[in-house]
Structures are given as C-alpha cells and as structure tokens.
There are 2 protein chains.
Amino acid sequence: MKDLHDNSELALYCKALSNPVRIYIVNYLLKKDRCICGQLVDELPLAQSTVSQHLSILKKSGIIRGEIEGPKTCYCVDKNVLNKFITLFNSNFENVLYEIQTDE
Amino acid sequence: MKDLHDNSELALYCKALSNPVRIYIVNYLLKKDRCICGQLVDELPLAQSTVSQHLSILKKSGIIRGEIEGPKTCYCVDKNVLNKFITLFNSNFENVLYEIQTDE
DNA sequence: GTCTTTCATCGTTGTTTTACGATAAAGGAA
DNA sequence: TTCCTTTATCGTAAAACAACGATGAAAGAC
C-alpha cells in the first residue's frame, strides 16, 4: 500500500487541472499546438492578469512550458509531463478501469 | 472545441483528488473494499474531524458513498462514478496518450 | 530616441481549503 | 437508564485560490 506521500505527485497534477479554465487552456494548447498568452485572453472571459496566473500555475506543475519570444511568450504542452500524469493516473486506478459494477 | 463549461465536471473530479489524503482514502477503500471512518483515522496522521471532512468532500464528488450502520458509517468507492471520472479523463486526453515526443 | 505591444508581477479583495478542538447526536452495551 | 463508541458538524484560524486593476519590463516599430 502506498503511503500518503506517494500520492503527492498525482495530487499536484490533479490540482493543476482542478479548474475548468486550466483544462480549457491545456486542451486549447493541445489543439493549436502552441499559442501566446494574448490568444487565450481573447478566448476567455477573464482579465489578462488572471489568464497569466492560470498559465503560471500550469507552468509550475510542468504540464506546460513557456518560451519568451520578444515581447510575447509562446506556450505549449509538455507532452512528456502530461503523459507522465496520464500514466500515473491510470496506473493508480488500473484495477478499477472497466471493472463491472455488480451491486446495482 | 469544448467550451469552458464542458470542463466543469472533469475539473470537479480532479479537485476531489487534488489532495494526497483523499487519494490515499480512495486507494484504501479500493483495497479494503469498505471501511469505517475510524479505521482511516488510525491510518492517517490527522484528527478525526479532518478525516471526516475529507470523506465528506469525496462523498460530495460522488466518488465514494457512505452508509450509516448504527453509530458507525461504512464507506465504499462508487465504482460507477470513479469509472466515469476515469473515462472522462482519458477521453479528454485520448489524442495525447502514448504520442511520441519528437522535439527533444 | 519615443511609442506600442505583450506579458508578468504586485497589491488587494473575497472565497475556499485545510487543519484543529469541542460539541452533539445516535446507537449499542452495561 | 446511564455509559461508551462512533462520527458529523460547528466554530475558528491560517493558508491558498481566483479574480481584478495597475504597474513595470522587454522587445519590436516608428
């Protein structure tokens, strides 16, 4: 049985995605491959500072990366990290997935 | 492209698992099948009221259920709900999983 | 050089989270 | 009935989150 601390990493990734705006941003980046902060500000009903803050939280989790390009910052998903999250998530629940629920 | 609101449900499930204690509780329940609050209090370095609060948050998300049995409350994972979460999660990222990272 | 664009960061506000101890309710045991 | 066990809930405090406007830095345009 894993101890408490072993769940910290998975919990941190889940926390990064615990807000619909951040899931939207990750999906948007997956679709567009890369984009700058301003594009997201146009897409979202939020102030620029708020979007920047969400980007910062995602960046801190490792799920996205940002590269400064002149005055702009170009963001993209770090698929290695995202895959790590997905793998952690699924291996945590590997015995649950597709198990048949019989008591109902 | 999904809009912001479409991510709310996945975000809520992620939030339920955004704390290592709650992941521990879910895993413990998956392993033991069912247990009462007091067992978890013995396992965890937390006050009874704190454990009860985490159980309440998980219950509110639907991932676990609790049945009152006399003075005790017996908790178990609702695998239908957990499967729904897992399915939502994986379908959100279905195009990512196992994609090869080429730029590094 | 000055202006403009782009974005991160600061400071603030209100809300939520996480933890605790204390209390109360509910049911079984004596 | 009177205890004891079990657990939910209340009240509280500290920290974190989510939002905003304002400011400042950095680089390209003029």
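Per chain, numbering begins at 1; letters A, B, ... match sequence-line order. For the numbers below, each heavy atom of this structure counts, side chains included, while hydrogens, waters and symmetry mates do not.
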Item to check | Heavy-atom donor-acceptor pair, A/Arg22 side chain to B/Ala11 backbone, under 3.5 Å | outcome: no

Checklist entry - Does A/His54 put a side-chain nitrogen or oxygen below 4.0 Å from OP1 or OP2 of D/dC17? => result no

Item to check | Between D/dC17 (P) and A/Leu46 (CG): distance, integer Å | outcome: 17 Å

Next on the checklist: Assuming nearest nucleotide by heavy-atom distance, tell me which of A/Ile68 and A/Lys60 is located more 5' along DNA chain D.
Outcome noted: A/Lys60

Next on the checklist: Would B/Asn7 and A/Asn19 count as a side-chain contact (heavy atoms from CB on, under 4.5 Å) here? Give the steps.
Outcome noted: CA-CA 8 Å; B/Asn7 301 314; A/Asn19 180 294; over 6 Å; no

Atom pairs and distances, side-chain donor-acceptor, residues 24-32 of chain A, under 3.5 Å, sequence neighbours left out:
residue	atom	partner	partner atom	Å
A/Tyr24	OH	A/Glu43	OE1	3.0
A/Asn27	OD1	B/Asn92	ND2	2.9
A/Asn27	ND2	B/Asn92	OD1	3.0

Checklist entry - CD of A/Glu67 to CZ of A/Arg34: how many Å apart, nearest 0.5 Å? => result 6.0 Å

Item to check | Whole angstrom value for the distance that separates P of D/dA18 from CG of A/Leu17 | outcome: 12 Å

Item to check | Whether B/Phe89 and A/Phe85 hold their rings parallel, tilted or perpendicular, with breakpoints at 30° and 60° | outcome: perpendicular

Item to check | Transitive ILVMFWY side-chain link B/Leu10 to B/Leu12, under 4.5 Å | outcome: no

Checklist entry - Mind checking which nucleotides bracket the chain A contacts on DNA chain C, 5' to 3', with an atom under 4.0 Å from a heavy atom? => result C/dT5 to C/dT9

Checklist entry - Taking only side-chain nitrogens and oxygens of A/Asn19, does any of them come within less than 4.0 Å of OP1 or OP2 of D/dA18? => result yes

Next on the checklist: Donor-acceptor check, side chain of A/Asp3 to backbone of A/Asp6, threshold 3.5 angstrom: yes or no?
Outcome noted: yes

Item to check | Protein proximity profile, nucleotides 1-10 of chain D - base contact B, sugar-phosphate-only contact S, no contact -, cut-off 4.0 Å on heavy atoms | outcome: ----BBBBB-

Checklist entry - For B/Gln48, does its backbone N or O pair with a side-chain atom of B/Ser52 as donor and acceptor, under 3.5 Å? => result no

Item to check | Of A/Gly70 and A/Lys15, the one whose closest DNA chain D nucleotide lies more 5' | outcome: A/Lys15

